[in-house]
Amino acid sequence: MKDYLLKYKKELVKIENKKNKLEKGNIKIVYYNYKIDSINKVLDHFKDKEFNKDEEKKILARNKNIYQNLVKLERTNARIVKLEAKDKKNKLDEYKLDTLKINKLCYEHIIIEFSNKDYGSAKIEKALTSEKKRRYQILHGNILSTILMICLPLMLYQFFNSFYNIIDQIMASTIEQTAVSKIGVISQLKNSVSAFGAGVAGGGGVLVARYYGAGELEHARKSGANMFFISLVMSAVILLLMVPLAYPILKIAQTPDINNSTVMYFILCLIELVFVSINNIFIGLEKIKGNSKKILVLNISMLLIKLGLNVIFVYGVHVDNIIYLEISTIIAQFILFILGMFIMFGKKNMLKIKIKNMKPQKLYIVPIIKLSVPIFLGKFVMNLGKAVVNGLCGSFYGEATNDLIIGALGISNNLSGLVTGPVGVFEEGSSTIVSQNIGNKNLKRTIKTFTTTLIVVAVCCTIGFVLVRFVFLDQLTGLFSITKNNTKLTEDGLNLGQLIKEIFYYDSISIPALGLTSCLLGLLYGYGKTFLSGILNGSRILIRIISLSVLHAIGVDYHAAGISMGISNVLIGFMSLTFLIIFMIDLKKNGYRGMKMTDDFSTNQVFEL
């Protein structure tokens with residue numbers, strides 16, 4: 001103990017000497033004052049008691065938090081004074097001033113908490129303060145900055161995820177020639193099954209967001225816990241039903257070259273979906289609180305783990321089986337699952353899940369199911385329809401393309417996903433904002449959210465379309481001309497990379513239409529109109545099957561695979577526009593749940609802690 005305290009006393013003398021040498025006004029003086037204060041607090045605390053390393057860490061950590069927030073408070077006050085001194089303030093200045101004043105309140109509150117409470121309680125209050133600030137931003141802050149706050153980190157993750165999927169397929173194609181086609185078919189089956197979890201997370205998220213926006217946190221927590229319970233039960237049921245039927249399912253889906261490793265790969269995919277289902281709940285709840293940066297960091301970490309393991313398996317160990325690629329995914333999803341469980345059940349979580357709240361309650365279960373079923377059916381039918389389309393394409397054009405058509409279709413979808421994937425996050429992000437503002441009884445803000453999202457999505461789609469269609473198309477498709485499939489050629493003498501390019505030429509036309517559809521779906525989800533979203537998703541695949549069959553019947557070659565995708569997505573774009581016009585007319589005329597567009601019932605317009 002004496003050695004520790006003696007060390008602190010020596011350090012105190014050194015710091016005081018350094019401080020005395022500085023000129024008045026030097027910014028380092030503030031830092032030295034903080035260090036001196038921290039050391040004095042440690043010395044005072046252990047003056048008459050036994051030294052304890054854990055207590056020392058808490059004292060230093062508490063003082064560090066106070067110091068950091070004091071510095072932030074000082075800088076914020078200076079910026080407030082500077083802005084208030086302006087004679088003419090524009091809207092941006094007013095927005096900055098409001099934001100700075102909210103930040104000031106938060107810093108002051110955190111300083112008081114760390115000064116007066118024990119370290120553990122103060123840490124929890126600091127986390128809750130950040131979540132309260134994000135909630136206020138969603139309900140009352142600048143709409144563009146709110147959308148970007150939630151969606152931009154998710155966009156970055158989705159872009160990396162889409163790019164990773166392409167890299168994953170390149171790695172798979174180096175293992176065996178039929179790997180790309182196998183993974184393409186199984187991916188559609190996996191997406192069909194994962195629609196259950198996505199439906200629960202989407203529909204349940206709407207209910208939780210409404211309660212959260214209305215400030216009814218206990219109802220929000222209980223609905224979140226019930227959503228978690230439904231996801232657990234559904235995951236267990238799906239696993240028990242589908243694992244014994246793995247081979248027949250693959251056979252019906254016309255998976256090429258089915259063997260034991262193919263069946264095992266599919267079973268591992270089903271096991272992965274248990275973790276994915278729970279992870280979707282976790283991500284959905286964090287999204288409601290505006291914690292998109294946390295989601296980005298965790299998901300990017302997961303992608304890096306998957307990529308690292310795949311590189312080791314494929315290029316280090318030189319495995320000859322695609323099941324190792326799925327093992328990498330399961331490990332990464334399991335790690336995210338463990339972290340998600342700690343956060344969901346943690347004390348710092350405003351939407352903390354408690355075991356006692358997981359008891360099914362009609363008040364929450366019924367609306368969650370009502371909202372979730374149409375989302376699930378829409379996604380399930382769409383993904384199952386894609387599997388049917390893969391089967392039709394294999395049947396119609398498998399021989400002419402030397403069985404490359406299914407793999408080329410999957411990769412073409414992933415190339416489009418480089419744009420539609422990141423843009424698609426606006427569907428989820430905007431639905432969160434819309435749901436919370438409905439809970440806060442502010443219909444005007446929901447429509448402003450939609451129109452602002454539409455503008456942002458239009459810009460993103462235009463830039464993305466130009467980049468993938470005209471700037472980087474040769475480079476992206478060229479990656480698939482250096483794999484094992486390069487030795488296989490179509491009747492026209494095209495390798496896999498060239499075939500992908502031919503199909504993607506038509507597939508890419510659908511990018512703007514899918515952007516519009518994602519904006520509309522975000523609005524519909526927020527208003528609980530999940531039935532309409534189910535119609536859109538179901539219609540998309542139905543149109544594609546019909547157009548593919550008609551094109552084949554009139555003698556169009558393998559290009560029909562890409563043309564049918566373009567036709568279905570463009571028609572759905574027009575269908576979305578029709579739905580939007582009808583929805584807006586009805587909303588303006590009849591309002592929503594007793595609220596009118598002309599009303600302003602929004603509450604809590606003043607930020608409170």
Side-chain angles (χ1 to χ4, degrees), residues 1-83 99-134 153 291 293-294 296-298 300-301 304 335 338-339 342-343 346-350 609:
M1 173 185 169
K2 287 182 180 178
D3 291 339
Y4 272 108
L5 297 182
L6 188 62
K7 184 181 101 176
Y8 272 121
K9 286 177 181 177
K10 286 180 179 179
E11 190 177 348
L12 185 61
V13 173
K14 285 180 184 178
I15 293 170
E16 284 178 338
N17 289 334
K18 287 180 180 179
K19 177 190 166 186
N20 292 332
K21 290 177 183 178
L22 296 173
E23 294 180 9
K24 192 176 180 181
N26 193 310
I27 196 167
K28 282 189 177 180
I29 291 175
V30 179
Y31 172 73
Y32 286 139
N33 282 336
Y34 146 68
K35 295 292 287 183
I36 290 167
D37 185 52
S38 297
I39 292 170
N40 282 327
K41 282 186 177 176
V42 172
L43 293 172
D44 287 343
H45 186 79
F46 295 109
K47 185 166 56 175
D48 300 316
K49 61 188 294 190
E50 189 68 27
F51 181 81
N52 183 290
K53 194 71 178 170
D54 290 334
E55 286 185 37
E56 175 209 28
K57 285 180 181 178
K58 288 179 181 178
I59 293 167
L60 294 175
R62 182 191 291 116
N63 223 42
K64 184 179 180 181
N65 273 283
I66 293 171
Y67 162 72
Q68 288 175 338
N69 283 282
L70 277 171
V71 171
K72 290 175 183 176
L73 181 60
E74 190 176 323
R75 289 173 181 166
T76 301
N77 281 330
R79 292 177 68 187
I80 289 172
V81 169
K82 187 177 178 181
L83 275 172
T99 304
L100 287 169
K101 286 178 179 178
I102 291 169
N103 289 341
K104 178 184 174 180
L105 280 173
C106 291
Y107 299 145
E108 289 172 343
H109 181 69
I110 292 168
I111 290 165
I112 291 169
E113 290 295 314
F114 275 100
S115 300
N116 300 327
K117 288 187 177 180
D118 66 271
Y119 179 67
S121 300
K123 246 179 112 178
I124 293 170
E125 186 58 34
K126 180 183 176 183
L128 295 178
T129 299
S130 297
E131 293 189 356
K132 287 174 185 175
K133 189 171 82 168
R134 281 190 291 268
N291 285 339
K293 287 182 182 177
K294 183 189 289 183
L296 172 65
V297 172
L298 290 173
I300 291 296
S301 302
L304 290 175
I335 292 171
I338 296 297
L339 292 171
F342 273 111
I343 293 170
K347 291 181 180 179
K348 298 179 187 178
N349 187 1
M350 276 186 77
L609 289 168

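Applying the side-chain contact (heavy atoms from CB on, under 4.5 Å) criterion to Leu60, with sequence neighbours excluded, gives Tyr8, Ser38, Val42, Glu56. Partners of Thr76 by side chain to side chain donor-acceptor pair (under 3.5 Å), not counting sequence neighbours: none found. A search for side chain to side chain donor-acceptor pair (under 3.5 Å) contacts involving Asp44 returns nothing, not counting sequence neighbours. By the side-chain contact (heavy atoms from CB on, under 4.5 Å) test, Ser130 is found to be paired with Arg134, residues two or more places apart in sequence or in another chain being considered. Legend: residues meeting salt bridge (Lys or Arg N to Asp or Glu O under 4.0 Å) with Lys41, ordered by chain and number and at least two apart, are Asp37. Looking at residues two or more places apart in sequence or on another chain, you find a side chain to side chain donor-acceptor pair (under 3.5 Å) between Lys294 and Glu286. Considering only residues two or more places apart in sequence or on other chains, Lys58 meets the side-chain contact (heavy atoms from CB on, under 4.5 Å) condition with Tyr119. In this view, Val71 and Val30, Tyr67, Arg75 satisfy the side-chain contact (heavy atoms from CB on, under 4.5 Å) rule, not counting sequence neighbours. Partners of Glu16 under the side chain to side chain donor-acceptor pair (under 3.5 Å) rule, at least two apart in sequence or in another chain, do not exist in this structure. Residues passing the salt bridge (Lys or Arg N to Asp or Glu O under 4.0 Å) test with Lys117, sequence neighbours excluded: Glu113.
For the atom pair CD1 of Ile36 and CG of Asn63, the computed distance is 12.0 Å after rounding to the nearest 0.5 Å. Atoms CD and CG, from Glu108 and Leu70 in turn, are 10.0 Å apart once rounded to the nearest 0.5 Å. Glu125 CD to Thr129 OG1: the interatomic distance, rounded to the nearest 0.5 Å, is 4.5 Å. Summarising the geometry, atom CD1 belonging to Ile110 is positioned 11.5 Å from atom OG belonging to Ser115; distances are rounded to the nearest 0.5 Å.
Between Lys104 and Leu100, the closest side-chain pair of non-hydrogen atoms is not below 4.5 Å. Here the side chains of Lys123 and Lys347 are not in contact, with every heavy-atom distance at 4.5 Å or above. Taking 4.5 Å as the limit, some side-chain heavy atom of Lys133 sits within range of a side-chain heavy atom of Ile102. Side-chain contact between Leu128 and Lys348: absent, with no pair of heavy atoms (C-beta onward) separated by less than 4.5 Å.
Residue Tyr107 is tested with Leu73, Ile112, Asn77 for a side-chain contact (heavy atoms from CB on, under 4.5 Å); the sole match is Leu73.
Of all the heavy atoms in Phe114 and Lys126, the pair that sits closest is CE1-CD, 4.0 Å.
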